[in-house]
Amino acid sequence: MGRWVNRAIKHRFCPILESARLRAEPVDLQDLLLRLTFDNICGLAFGKDPLTLSPDLPENGFAVSFDQATEATLQRFIVPEPFWQLRKWLRLGLESDMSRSLQHMDSYLSDIISTRKLELAAGRLERIGDGNPHDDLLSRFMKKKESYSEKFLQHVALNFILAGRDTSSNALSWFFWLVTQNPRVEEKILLEICTVLVEARGELSSSWFDEPLGFEEVDRLMYLKAALSETLRLYPSVPEDSKHVVSDDVLPTGVHVPAGSAVTYSIYSMGRMKFIWGDDCSEFKPERWLSPDGTKVEGHDAYKFVAFNAGPRICLGKDLAYLQMKSIAAAVLLRHRLTVVPGHRVEQKMSLTLFMKYGLMVEVGTRDLRPILEKVKAVAVEGSPTINGGVALAKDNGHEGSTTDHQLAAPVA
Ligand code: HEM
């Protein structure tokens with residue numbers, strides 16, 4: 001996925017933000033992030049980037065159908081089953097949208113699968129246009145010996161899109177909003193990113209902005225990972241999770257759960273419980289995730305932090321999600337200072353995943369890295385082994401970077 005993410009960050013996401021900055025026009029960051037994660041997950045799932053994140057923000061039939069089907073699914077959780085069954089039978093309201101949306105998605109995916117089959121038969125599957133191997137999930141399933149039915153392949157691709165699109169973009173929207181509200185945290189994230197970049201790419205120069213951070217660089221951003229985990233604790237992308245009871249059982253509390261019923265646990269509430277997280281549970285404090293020396297993210301009990309579920313059915317895309325979120329967060333914060341448009345209301349929307357009801361309207365400003373770099377240098381001179389973000393600063397990076405004031409103040413496009 002790294003390939004898809006970095007390509008989209010470099011060629012589409014950053015240029016769109018930069019253009020908004022130049023035009024001094026606010027953007028709905030939630031919408032941009034949703035488009036970005038949708039394009040990424042489609043790349044990962046079936047090797048096709050639908051380019052929904054493009055300057056003119058085109059409408060995409062598949063994405064629209066997907067949203068309608070998700071909306072209708074939520075109704076099925078709220079409305080008693082006989083009602084939605086009746087509506088489905090009569091093809092009324094959201095149920096009618098649902099069946100149309102499913103048909104649209106089926107035919108979209110079916111086209112992709114048929115094309116891929118032909119490519120496979122023609123032996124053209126190994127390389128695609130840009131010379132990269134066809135390593136998406138769909139191709140991997142199709143290359144296996146077992147022959148999966150078309151329906152099965154459709155469901156695999158769809159499940160990954162469902163699992164990976166809204167979750168990552170919702171988490172990032174709340175993250176950016178929390179960061180705008182917490183300048184102290186923002187500064188620590190920037191200190192960490194700059195420390196890593198000074199070490200990996202030398203003093204500030206255009207090389208910082210030519211390419212998004214690579215895997216090794218992103219992997220070292222511990223404070224950023226802590227800030228993302230803290231975001232997911234307070235604003236979990238999946239606010240509640242339900243399990244279907246297959247056979248009669250008794251919960252550890254002694255509650256009897258009969259077969260056929262459902263057990264729902266609130267991930268949102270669990271992230272805000274004092275007895276789990278302490279008296280400061282409502283504060284945004286990435287530090288709670290770090291080891292005392294600030295160099296590692298401490299592994300909390302998986303059953304305490306359940307934003308990714310826990311146990312055998314824990315999220316399969318967790319590491320990938322962190323990689324993607326860190327890459328996007330670093331790219332934006334390094335280049336821009338975001339400010340929520342005055343008067344814009346940030347509220348939660350009732351949906352299967354935790355959207356912002358009115359989006360996230362932000363003004364995109366220039367990032368002035370000078371004060372951050374002064375601090376990075378000061379830490380190096382003091383010989384402190386770590387900065388607050390917890391990243392060891394290289395004493396000798398072997399680069400002779402020269403930097404102009406312009407480069408310090410404004411990102412190189
Ligand atoms: C911030 C991002 C993400 C969050 C918060 C998240 C959260 C979750 C949660 C709560 C579940 C359990 C759902 C259930 O119990 O029914 C889950 C399952 C899953 N997630 Fe994620 N997810 C994220 C990103 C991703 C990404 C990017 C992918 C794919 C690339 C992914 C793939 C999956 C899959 C395949 C499952 C099903 C695992 C199974 O049932 O065995 N997730 N995720």
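Numbering of ligands and ligand atoms starts at 1, following listing order.
For ligand 1, the atoms lying closer than 4.0 Å to a non-hydrogen atom of K243 are 14 (C), 15 (O), 16 (O). Atoms of ligand 1 found under 4.0 Å from any heavy atom of L320 (numbered from 1 in listed order, with element): 30 (C). Proximity to A321 (heavy-atom distance under 4.0 Å) selects the following atoms of ligand 1: 2 (C), 24 (C). Close approach to N309 involves these atoms of ligand 1, each under 4.0 Å from a residue heavy atom: 10 (C), 12 (C), 15 (O). Within ligand 1, counting atoms from 1 as listed, the ones closer than 4.0 Å to a heavy atom of S237 are 5 (C).
Nearest to atom 11 (C) of ligand 1 by heavy-atom distance, out of F160, F308, F175, is F308. Across the listed options K318, R313, M325, R313 owns the non-hydrogen atom lying nearest to atom 39 (C) of ligand 1.
By the criterion of a heavy-atom distance under 4.0 Å, the side chain of I41, and not its backbone, is placed next to ligand 1. The part of D241 lying near ligand 1 is the side chain, judged by heavy-atom distances below 4.0 Å. Counting heavy atoms closer than 4.0 Å to ligand 1, residue Q324 contributes nothing at all. Residue T167 touches ligand 1 through backbone and side chain together, judged by heavy-atom distances below 4.0 Å. Contact annotation: for L44 versus ligand 1, heavy atoms closer than 4.0 Å belong to the side chain alone. For A307, every heavy-atom contact with ligand 1 shorter than 4.0 Å involves the backbone, none the side chain.
At under 3.5 Å, not a single nitrogen or oxygen of S168, backbone or side chain, sits near a nitrogen or oxygen of ligand 1.
For residues 155-167, every residue pair satisfying the side chain to side chain donor-acceptor pair (under 3.5 Å) rule, not counting sequence neighbours, is listed here: D67-R165.
Taking the ring axis of W84 as reference, the NZ or CZ atom of R87 does not stay both within 45° of it and closer than 6.0 Å to the ring centre.
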Determine all donor-acceptor pairs shorter than 3.5 Å in which one atom belongs to a side chain in residues 242-256; sequence neighbours excluded.
from: S242; atom 1: OG; to: T264; atom 2: OG1; distance (Å): 2.6
from: D248; atom 1: OD1; to: A259; atom 2: N; distance (Å): 2.7
from: H256; atom 1: ND1; to: D249; atom 2: O; distance (Å): 3.4

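Counting only distance, with no hydrogens or angles, the side chain of E71 and the backbone of L94 share no donor-acceptor pair below 3.5 Å.
Side-chain N/O atoms of N60 and T52 include no donor and acceptor closer than 3.5 Å.
Between R337 and E186, no side-chain nitrogen of the basic residue sits less than 4.0 Å from a carboxylate oxygen of the acidic one, so the salt-bridge criterion is not met. Note on E230 versus K285: no salt bridge recorded, every NZ/NE/NH1/NH2 to OD/OE distance being 4.0 Å or above.
Between Y268 and Y235, the ring planes are perpendicular. Angles over 60° get that label, and only those under 30° would be called parallel.
Residues R12 and L53 approach most closely at NE-O, 2.6 Å, considering heavy atoms.
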